[in-house]
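Counting from 1, the numbers follow the sequence of the chain as shown. Remember, it's a predicted structure, so these values are computed and weren't measured experimentally.
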Amino acid sequence: MKIYVLTLFPEMFQGPFQYSIIGRAIENEIVDIEFHDIRDYSEDKHRKVDDYPFGGGGGMILKPEPIFSAIESIKNKIRKQDGEDVVADTKVVLLSPQGDVFDQRKAMTLSGYSSLIFLCGHYDGIDERVMDQLVDLEISIGDYVLSGGELPAMVVIDSIVRLLPGVLGNRKSIEDDSHYIEGFIQFPQYTRPSSFRDLDVPNVLLSGNHKEIEEWRIEQAIKRTITKRPDLIDDLKSDSGIDSLTDTEQT
């Protein structure tokens, strides 16, 4: 996968993307991440990329010209390297508090593209013509406002990259994640020692009976979701038309 990040602060990404899972994915050439400074595409001699909003108001707005130039330049590069089909399949993703809230379903969908362009907003917003003409997806990581799209971009990219084949040593790790099975969060996890300060690991996990372990994990995932995230259960019932929980879910 190739990921292109348009930002006013490319230096912000150096630390987070040099270590751990993303760092190894880059090193192993599973993903290639390029950072493009929006200022490099400004036609202003002072590299100015923002201006006052028409109609008045507080804050500054990112101008359309450098963003159009940047995305067109990246798509031309993709076109030369990978062909027109890849360009047509490339999605431009804007990180914005106005977007659809990011979740595991969106992460799995985005991980299926061979090329993505992330646009990090800043200041008080972006010229609407950018969103009308260039942006394919507008994504938020929550109903709150940050100073820019850089941190949300890191969150979304991390979530996507770990889903790529070969990134995690054991694919089962992904299947055990919260939200991998839509509507439920992860079951309780334990490791050695089996007894710690008179706190014992559930016997079923020590039994070696894989069928019983799987049933226990499903039951625990349902119970934990009802306790910690009942909104997910409500969404699941709404989507499926279920009016009430099963006896197992109610216990």
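Remark: D124 CG to Y52 OH distance equals 12.5 Å, nearest 0.5 Å. I213 contributes atom CD1, which lies 12.5 Å from atom CD1 of I218 (distance to the nearest 0.5 angstrom). The OG atom of S115 sits 9.5 Å away from atom CD of Q81, with the distance rounded to the nearest 0.5 Å.
Taking a 6.0 Å sphere around NZ of K228, one finds it holds 12 or fewer heavy atoms contributed by other residues, nucleotides or ligands. Surrounding CG of N203 are at most 12 heavy atoms belonging to other residues, nucleotides or ligands under 6.0 Å away. For CD of E43, the number of neighbouring non-hydrogen atoms (other residues, nucleotides, ligands) closer than 6.0 Å is 12 at most. Heavy-atom neighbours of R129 CZ from other residues, nucleotides or ligands within 6.0 Å: at or below the threshold of 12.
Applying the side-chain hydrogen bond (donor to acceptor under 3.5 Å, both in side chains) test to residues at least two apart or on different chains, the pairs with a partner in residues 4-30 are T7-E150.
Between R229 and D231 there is a salt bridge, since a side-chain N of the basic residue sits under 4.0 Å from a carboxylate O of the acidic one.
Relative to the ring axis of F9, R39 places its NZ or CZ within 45° and under 6.0 Å from the centre.
Taking each heavy atom of F184 and A221 in turn, the nearest pair found is CD2-O, 4.3 Å.
Side-chain polar atoms of H210 and E212 form no donor-acceptor pair below 3.5 angstrom.
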